[in-house]
Amino acid sequence: MRINEPNRTGMIHAYNNTGKAPAAKNGRIPMGKDEVNISNEALEMLKQVEDPQSPERREKVNNLKKQVEEGTYKVPSDKIAEKFLSFWRKL
């Protein structure tokens, strides 16, 4: 039985070195640059959002707040179901 096979030690060294980033000549690790990509779907959603400072939006929010405080705010279950279905159909 051979304990120290030549191929096994080479594989172990290769495995141990895979996680190490190569250092530059000055000893520092080169860093990549950060990048942000916004999907087309996210851009479409952004276009659909109303301006939060518009008077119509403020009036709508104030009405909803008043309804919630008074306990009269009700959401029809069929509208909730429609939103769920449209979401799951897109996937």
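Worth knowing before you read on, the calculation uses all heavy atoms, side chains too, and leaves out hydrogens, waters and symmetry mates.
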Legend entry - Hydrophobic cluster (4.5 angstrom, side-chain heavy atoms) - remaining members for Ile38: Val36, Leu43
Can you give me every donor-acceptor pair (side chain of residues 83-91, partner residue at least two apart or in another chain, under 3.5 Å) with its distance?
from, atom 1, to, atom 2, distance (Å)
Ser86, OG, Glu82, O, 3.3
Ser86, OG, Lys83, O, 3.0

Legend entry - Sequence neighbours excluded, every pair satisfying salt bridge (charged side-chain N to carboxylate O under 4.0 Å, His left out) that has a member inside residues 31-44: Glu44-Lys47
Please list, one pair per line, the donor and acceptor atoms closer than 3.5 Å that link side chains of residues 57-81 to other protein atoms, with sequence neighbours excluded.
from, atom 1, to, atom 2, distance (Å)
Arg58, NE, Gln53, O, 3.4
Arg58, NH2, Gln53, O, 2.5
Asn62, ND2, Arg58, O, 3.2
Asn63, ND2, Glu59, O, 3.4
Thr72, OG1, Gln67, O, 3.4

